[in-house]
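Note sheet for the following structure.
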Amino acid sequence: MKNILVFLFSIVSVYSVYGQSTEKPFIEVRGMAKIERTVKSYTLDIVITEELAYLEEKKPIEEVKKAFFEKVKAAGLDVSRFKEDKLAFALTQYSAIGSQYSFETSDPADIIKLSNLMVDKNGTQSITARKVNYLPVKDFSKVIAAAFADGKARAEKVAAAIGKKLGALQTVADYSTTNDEVEDTAYYQPKDDRYYYLSLKYHVE
């Protein structure tokens with residue numbers, strides 16, 4: 001019985017080595033393409049609260065709001081575009097009475113005007129978030145094709161570097177983490193480039 005087991009183990013070992021030796025060599029590379037996104041609008045989230053005031057004597061919150069929106073009108077901004085969100089304010093770290101407003105515009109000049117208004121000597125208002133709203137990416141298949149072309153070109157260079165020729169494509173893996181074919185909102189960053197990635201696996205000959 002012992003001899004039979006040793007014989008069977010030897011057959012399995014030989015088969016395993018043979019299988020490994022006949023496996024075709026391959027290379028795996030990454031392809032990438034920049035996603036060109038179009039800005040739909042910009043959003044500023046603003047908090048107005050007594051808790052931010054520098055002065056010891058606090059003004060009534062309604063008086064503070066009135067003074068702020070008078071400055072908004074004087075700057076030529078539309079007051080109706082400020083949307084109050086009481087729940088958002090309740091979820092902030094502020095404990096005093098106040099409100100949070102969101103202001104959305106497609107005109108960068110409006111954002112600059114509003115930012116200038118936030119220079120408040122009393123410290124009763126603050127910008128809590130700066131966001132950019134993007135339109136869906138049109139014809140995302142072009143982005144995929146560009147990433148594939150980039151990956152294939154990279155694979156050809158790698159194959160040439162090791163003295164091989166690029167063989168048949170074996171697998172393609174999509175490494176995207178977001179859906180850019182729908183509207184998207186992101187916090188503003190000075191450089192907000194986004195890329196699409198693929199992983200390509202080729203046999204080499």
Side-chain angles (χ1 to χ4, degrees), residues 28-49 51-52 61 64-65 68-69 71-73 75-120 123-154 171-200:
E28 187 170 358
V29 298
R30 183 180 69 172
M32 58 186 289
K34 186 176 180 179
I35 302 173
E36 300 293 345
R37 297 185 293 171
T38 303
V39 174
K40 175 188 176 184
S41 60
Y42 305 90
T43 301
L44 290 183
D45 290 342
I46 300 165
V47 162
I48 301 176
T49 175
E51 190 167 327
L52 294 173
I61 190 63
V64 173
K65 288 182 183 179
F68 172 73
F69 285 113
K71 291 193 298 181
V72 166
K73 288 181 181 179
L77 298 172
D78 185 355
V79 174
S80 66
R81 295 168 69 182
F82 288 77
K83 307 301 181 184
E84 186 175 11
D85 190 337
K86 294 181 179 180
L87 177 59
F89 180 79
L91 293 172
T92 65
Q93 73 272 27
Y94 303 111
S95 58
I97 297 173
S99 296
Q100 176 166 313
Y101 294 88
S102 290
F103 175 78
E104 183 177 352
T105 178
S106 58
D107 187 353
D110 289 345
I111 295 297
I112 295 172
K113 288 180 183 179
L114 184 54
S115 295
N116 291 336
L117 292 181
M118 301 309 292
V119 181
D120 177 23
T124 53
Q125 64 247 4
S126 174
I127 298 175
T128 57
R130 298 165 175 83
K131 304 172 188 175
V132 183
N133 309 303
Y134 294 97
L135 291 171
V137 176
K138 294 182 179 179
D139 199 0
F140 198 78
S141 59
K142 289 184 178 180
V143 179
I144 297 174
F148 185 86
D150 175 69
K152 185 177 180 182
R154 198 183 303 266
T171 60
V172 178
D174 180 342
Y175 284 146
S176 58
T177 57
T178 58
N179 182 5
D180 291 289
E181 295 183 272
V182 298
E183 288 192 11
D184 182 39
T185 297
Y187 287 101
Y188 171 76
Q189 297 179 10
K191 187 177 181 181
D192 192 24
D193 293 338
R194 183 176 291 184
Y195 291 85
Y196 172 75
Y197 297 98
L198 284 175
S199 175
L200 307 176

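For clarity, every value in this text was computed on a predicted model and none was experimentally measured. Sequential numbering from 1 along the given sequence is applied to the chain's residues.
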Exercise. So how far is it from Ser176 OG to Ile35 CD1, rounded to the nearest 0.5 Å?
Worked result: 8.0 Å
Exercise. Is the distance between the ring centroids of Tyr175 and Tyr195 less than 6.0 Å?
Worked result: no
Problem set entry | Whether Asp150 side chain and Met32 backbone form a donor-acceptor pair below 3.5 Å | yes
Exercise. Is the shortest heavy-atom distance from the side chain of Tyr134 to the side chain of Thr38 under 4.5 Å?
Worked result: no
For this session: Apply side-chain contact (heavy atoms from CB on, under 4.5 Å) to Lys73 and Val79, showing your working.
Result: CA-CA 7 Å; Lys73 288 181 181 179; Val79 174; 3.4 Å; yes
Exercise. Under 3.5 Å, is there a donor-acceptor pair between the side chain of Arg130 and the main chain of Tyr187?
Worked result: no
Seminar exercise, completed: The reported gap from CG in Leu200 to CZ in Arg30 (rounded to nearest 0.5 angstrom) is 11.5 Å
Seminar exercise, completed: The side chain to side chain contact (heavy atoms under 4.5 Å, CB included) partner of Phe103 among Leu77, Thr43, Val72 is Leu77
Exercise. Going through the checks in order, is the side-chain contact (heavy atoms from CB on, under 4.5 Å) test met by Leu44 and Ser115?
Worked result: CA-CA 9 Å; Leu44 290 183; Ser115 295; 4.1 Å; yes
Problem set entry | Ile127 side, atom CD1; Ile46 side, atom CD1 - distance, nearest 0.5 Å | 6.0 Å
Problem set entry | Polar side-chain atom of Arg37 near backbone of Val137 as donor-acceptor pair, under 3.5 Å | no
Exercise. Is it true that atom NZ of Lys152 has more than 12 heavy atoms of other residues, nucleotides or ligands lying nearer than 6.0 Å?
Worked result: no
Exercise. Are the side chain of Thr49 and the backbone N or O of Ile97 linked by a donor-acceptor pair below 3.5 Å?
Worked result: yes
For this session: Give a yes-or-no answer on whether the side chains of Thr105 and Asp107 include a donor-acceptor pair shorter than 3.5 Å.
Result: no
Exercise. How would you list all residue pairs meeting side-chain hydrogen bond (donor to acceptor under 3.5 Å, both in side chains) that involve residues 83-93, not counting sequence neighbours?
Worked result: Glu84-Ser99
Exercise. Cut-off 3.5 Å, side chains only: do Thr128 and Asp45 have a donor facing an acceptor?
Worked result: no
Exercise. Given the side-chain rings of Tyr188 and Tyr42, with only the six-membered ring counted for Trp, is the space between their centroids under 6.0 Å?
Worked result: no
Exercise. Asp184 pairs by salt bridge (charged side-chain N to carboxylate O under 4.0 Å, His left out) with which of Lys131, Lys40, Arg194?
Worked result: Arg194
Exercise. Are Phe69 and Tyr101 close enough that some pair of their side-chain heavy atoms sits under 4.5 Å apart?
Worked result: yes
For this session: Check whether any side-chain heavy atom of Asp174 lies under 4.5 Å from a side-chain heavy atom of Tyr197, and answer yes or no.
Result: no
Seminar exercise, completed: Correct closest heavy-atom pair for Met118 and Ser126 would be CE-N, 3.6 Å
Problem set entry | Separation between CG of Leu114 and NZ of Lys71, rounded to the nearest 0.5 Å | 10.0 Å
Seminar exercise, completed: When rounded to the nearest 0.5 Å, the distance separating OG1 of Thr177 from OH of Tyr196 is 11.0 Å
